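Please read these numbers as outputs of a predicted model, since none were measured by experiment.
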Amino acid sequence: MSKHQTLAIVVVFAAILLVWPRPAHAMHIAEGILPFGWAALWFAVAAPFVWWGLRTINRRRADDSRTPTMIAMVGAGVFLVSCMPVPIPLVGTCSHPCGTGLAALLIGPGPTVVVASIALFLQALFLAHGGLTTWGANVVSMGVVGAYAAYGSFRLLRAFRLPLFAAAFVAGAVADWATYAATSLTLSLALCGDGALWPMFAAVLLAFVPTQLPLGIAEGILTAVAYRFVSTRRPELLNTVANSGAVAGVS
């Protein structure tokens, strides 16, 4: 069989996989779930964090030429990790790993917001995961809350001399759980109407618990193992983040 024939078979097979009917699992907060006013509000909240992240990336790129490559690799990881859906009935969304906890430790929270916003935009545009109108809300939940929760918890725990592995584990788990607490609050604020907010928030949050509790623990382990590996084998990759006041240290 010639190379051209082999290539043609691969292309046809890939096309069949793309168009073959299969169950759809919409991830993040789905398109059309949020009323226009709430969707616009979350866009406004997300915008300054994305701007700050872009500013941080540009500043670091001037100091270290490896910055774009590192951020691109982490961004690809966030995109792939957050494409693993676990459907949650009745709440219009899914559970899934986020990857923003590890990303915040590797490249800092500001750039993590940027890579999360790009991943969420591509997923909404090409995979029907999330939505374009709910992009701002998803960026705030997964990018802003997830990244800064991981970054803040890691630095706090390291300040109290908690070992690196344990601090990274907590950061990864906290990032995951904080993302879903923020998602639950976003949905409850938009959909409670004239009803009570906090009972609805508790109900939505509890709907995530059976899947998100073990996922958060798993993401904590992944974050701890990956960050420990990088900080031990390639600590120079974290130097730019450390010099900017983000996480660092091997112990």
Side-chain angles (χ1 to χ4, degrees), residues 49 53 56-57 60 63-64 66-86 95-116 119 141-184 205 208-251:
F49 288 96
T56 302
I57 291 171
R60 289 186 192 167
D63 298 330
D64 189 343
R66 296 173 298 183
T67 295
T69 302
M70 180 70 172
I71 291 176
M73 291 174 60
V74 171
V78 170
F79 179 88
L80 290 174
V81 166
S82 60
C83 278
M84 302 176 183
V86 181
S95 281
H96 58 84
C98 299
T100 49
L102 176 60
L105 303 192
L106 294 177
I107 61 176
T112 297
V113 175
V114 175
V115 300
S141 296
M142 192 174 103
V144 177
V145 174
Y148 281 93
Y151 171 79
S153 60
F154 185 90
R155 293 204 66 184
L156 178 64
L157 294 173
R158 291 294 286 161
F160 283 97
R161 306 293 183 182
L162 196 70
L164 184 79
F165 188 91
F169 168 79
V170 172
V174 165
D176 189 280
W177 294 333
T179 294
Y180 283 91
T183 299
S184 299
L205 187 63
F208 284 118
V209 168
T211 53
Q212 212 57 41
L213 184 62
L215 277 177
I217 294 171
E219 191 158 357
I221 295 172
L222 173 64
T223 300
V225 171
Y227 187 75
R228 178 68 181 180
F229 178 84
V230 174
S231 62
T232 302
R233 300 296 182 90
R234 297 294 301 275
E236 71 277 5
L237 295 177
L238 305 175
N239 287 342
T240 303
V241 177
N243 293 335
S244 67
V247 293
V250 180
S251 64

[X] and [Y]: which non-hydrogen atoms are nearest, and at how many Å?
X    : Y    : result
A181 : L205 : CA-CD1, 3.8 Å
A103 : V74  : CB-CG1, 3.4 Å
A178 : A149 : CB-CB, 3.8 Å
T223 : L105 : CG2-CD1, 3.8 Å
A150 : G101 : CB-CA, 3.6 Å
P97  : V81  : CB-CG1, 3.4 Å

Between [X] and [Y] (side chain of the first, backbone of the second, donor and acceptor by atom type, cut-off under 3.5 Å), is there such a pair?
X    : Y    : value
T232 : F229 : no
R60  : I107 : yes
E219 : C98  : yes

As a quick check of understanding, evaluate side-chain contact (heavy atoms from CB on, under 4.5 Å) for L213 and W177, giving each step before the final call.
CA-CA 8 Å; L213 184 62; W177 294 333; 3.7 Å; yes

Could you tell me if the side chain of V78 sits less than 4.5 Å from the side chain of M142, heavy atoms only?
yes

Heavy-atom side-chain contact between V114 and F49 under 4.5 Å:
no

Straight-line distance of [X] [atom1] to [Y] [atom2], nearest 0.5 Å:
X    : Y    : atom1 : atom2 : answer
L222 : L102 : CG    : CG    : 6.0 Å
T112 : Y148 : OG1   : OH    : 8.5 Å
M70  : M73  : CE    : CE    : 7.0 Å

Kindly write out the residues that satisfy salt bridge (Lys or Arg N to Asp or Glu O under 4.0 Å) with R233, not counting sequence neighbours, or none if the list is empty.
none

Exercise answer: donor-acceptor pairs, residues 161-176 side-chain atoms, under 3.5 Å, sequence neighbours excluded:
unit_1: D176; atom_1: OD1; unit_2: Q212; atom_2: NE2; d: 2.4
unit_1: D176; atom_1: OD2; unit_2: Q212; atom_2: NE2; d: 3.0

Can you sort out the partners of A182 under side-chain contact (heavy atoms from CB on, under 4.5 Å), two or more places apart, ordered by chain and number?
S141, V145

